[in-house]
Each structure stands twice: as C-alpha cells, then as structure tokens.
Number of protein chains: 2
Amino acid sequence: MKLSTRSEYACLALLDLAERHGKGAVKTEDIARRRKIPRKYLEQILLQLQRAGYVQSRRGAHGGHSLARAPEEISLAEIIRKMDGALAPTKAVSKFFYEPGPLEQSPALLRVLRDIRDYVADRLENTSLADLVGKKRG
Amino acid sequence: MKLSTRSEYACLALLDLAERHGKGAVKTEDIARRRKIPRKYLEQILLQLQRAGYVQSRRGAHGGHSLARAPEEISLAEIIRKMDGALAPTKAVSKFFYEPGPLEQSPALLRVLRDIRDYVADRLENTSLADLVGKKRG
DNA sequence: TTGTTTCTTGACAAAGTCAGTCGACAATGT
DNA sequence: ACATTGTCGACTGACTTTGTCAAGAAACAA
C-alpha cells in the first residue's frame, strides 16, 4: 500500500521541470537543492526518467535536464508505473502487471480491491504534470 | 502501492474462520490446506491475529482457532492496518501513521494522494468479514 | 588545446523488509 | 502416558530500498 521515495522524488523532479518548461535546461544540482533530494540518488532517477522518454538531457557547461514531452501529456500514473510498477494493491487485480494470487479464492474480496484499483488508476491517469503546476490552491 | 502476502493471507484466514463462525475451532492445518497458505507462515499470522484480539485459540486435541469478535465488527481496514501499517500511499497523507515527507512541498500532489487515501480507507472501513461471507456474487 | 562544467554509467553497499522455515516447548483431551 | 495442537523465538535467504563512489564522455569556453 505504499509509494517509494523513488516515485516521490521522480514526481517532484518532473514537477520542477514542468514549472520551468520552455525556459531551458535545469541542472541536477538545482533540482536537488530546491526539492531536498539527495544529489546522487536524483542523478539515478533522472537517468531513468530520461531513458523512459520523459526527460531530455544535455551535458557540459549550461547543460541540464528538460521535459521531453508537454506537461499535459505526462500523467502521474505513467510516472509511478515506471518507477514502482503496478498501481493496484495486489497483482491479482492489476491490469498492467497481472499475476495470479491467493486472493482469487474470494470473489467478494477481489471486487473491493478492484474498486480500489480502478479509483487509484483513474485518479492518477487523469492528473498530469500540467494539472499540478501553479495550482497552489483548488 | 502494495499489499503484502501477510495481509492477503490474514484476510483469507479470517474469512475462513468467519465462514465457520459459531461452529467450533478450526485447525491451522485445515485453513492452510483450504486456502493454500504455507503452514508455518500461517501459524505466525494467526498468532499475530490472536494477539490483536481478532482470534481465540485453544491448544491440544480438538483445539484450533475461532473468531473472537463478530464478523460484522471486523473490517478489512483494521486487518490490513495491523498487518501492513498505513493504508495511505505515503505517510505524508496518512491519518494513523503520519510522518512528514518530501511530498509536502506540493499541495496539489498532496491533494490527489489524500483523495486516494480517503477512498481506500472508506472502502476498507466499510467492508466487514460478514460482507464477504457467502457473497459469491453481488 | 586545455580546462571546466555537467551528465553518464556501472559497481558497490548498508539497512531493512518479506516470506517463509525450524525446533523446542506448553497446554489440552483421551 | 501419549498424541494432538497451538506458542514462541530464532534464524535465513532473497530481495528491495536508499543511497554512495569513481571513472568517463560530451559540451562549451578561453
């Protein structure tokens, strides 16, 4: 029932990039300082995000990272699936990572868990980085 | 974002007891066989459930386990909290296990996670063992 | 060219969690 | 007595989490 710090940091880092979208590259160091993320750990995460196609990076002086796609097109669901795997509370009710499990013995229990999965997926699918930027209240 | 096998097994074991509620003690061995749970592991889990007050046990010949409370009074939320801790996806939005975390930097993100937490908690609080027994469809 | 900045890559590691297993012991019923 | 059944604590192996380290490659500047 848990989100890893990896996912948390990934979301915060992408949010940082989304806020500066279109304004050039952002250094690892700056993100780390602003978001209070361990620097070397953040490097690892950014690299993963880059390989997954969310981030573009440029080396050298004035290098840094920027979003590779529009903030509207990146959902929380995608990010968390990349970092943590299934959104569902158990793989027995996962759409993307299904595996059989002991819970399949109880249809009633499965239904509760499926409801939860559906709500979580829906909420995260329909929240993009753009939705989070600048929304200090709402 | 995950439920442990411990929680899964605990729910299945309690469900097994709920189905036989009022009909005497049920042996570890029988639950293990019916639910396909590793025996020694199940012992551990039942012991924990007993200490938490959900289960009564009797040793010796014709011993076994039975529910210590009515099936209506045991919710999935309670069980999972005992076994796994917080229901919330991150402690920053947990009511019972709150701890500060990096996500608190983004109110918008927090709101999404809080919504998820509320839904999960509500759904699990309002589902009791009694609700799961005998509901083969619904 | 040389140096500086910044990302890239792979290896490593400490700590914790998960999913069990094992063996000895205590209580109960016959 | 004796078989049955739960209780308890220790232990283990695999995996995940949360990072750190060091060497290298690309970009830019002087």
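Note: hydrogens, waters and symmetry copies are ignored here, and every other heavy atom, side chains too, is used. Here is the naming used below: chain letters follow the sequence lines, and residue numbers restart at 1 for every chain.
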May I ask you to decide whether B:D16 forms a salt bridge with B:R20, counting only side-chain N to carboxylate O separations under 4.0 Å? yes

Under a plain distance cut-off of 3.5 Å, with no hydrogens placed, do A:S128 and A:E73 share a side-chain donor-acceptor pair? no

Rounded distance (Å) that lies between atom [atom2] of [N] and atom [atom1] of [X]:
X     : N      : atom1 : atom2 : value
A:K91 : C:dC18 : NZ    : P     : 15 Å
A:D84 : D:dT16 : CG    : P     : 12 Å
B:D30 : D:dT4  : CG    : P     : 14 Å
B:K27 : D:dT4  : NZ    : C1'   : 8 Å
A:L12 : D:dT18 : CG    : P     : 14 Å
A:Q48 : C:dC7  : CD    : P     : 17 Å
B:L46 : D:dT7  : CG    : P     : 8 Å
B:L17 : D:dG6  : CG    : P     : 11 Å

Sequence-distant partners of [X], salt bridge (charged side-chain N to carboxylate O under 4.0 Å, His left out), two or more places apart:
X      : value
B:R117 : none
A:K82  : none
A:E72  : none

Protein N or O to nucleotides 14-16 of chain C N or O, pairs below 3.5 Å:
none

Give me the one residue out of B:R39, B:K40, B:R35 that meets salt bridge (charged side-chain N to carboxylate O under 4.0 Å, His left out) with B:E29. B:R39

Protein heavy-atom contacts under 4.0 Å, written 5' to 3' over nucleotides 19-30 of chain D as B (base), S (sugar-phosphate only) or - (none), form the string BBBB-BBBBS--

Once you measure the plane-to-plane angle for A:Y119 and B:Y119, does it fall in the parallel (<30°), tilted (30-60°) or perpendicular (>60°) bin? parallel

Do A:L49 and A:M83 have side-chain heavy atoms sitting under 4.5 Å apart? yes

So salt bridge (Lys or Arg N to Asp or Glu O under 4.0 Å) across residues 45-62 of chain A, not counting sequence neighbours, yields none

Counting only side-chain nitrogens and oxygens, does A:S57 get under 4.0 Å of the OP1 or OP2 atom of C:dC7? no

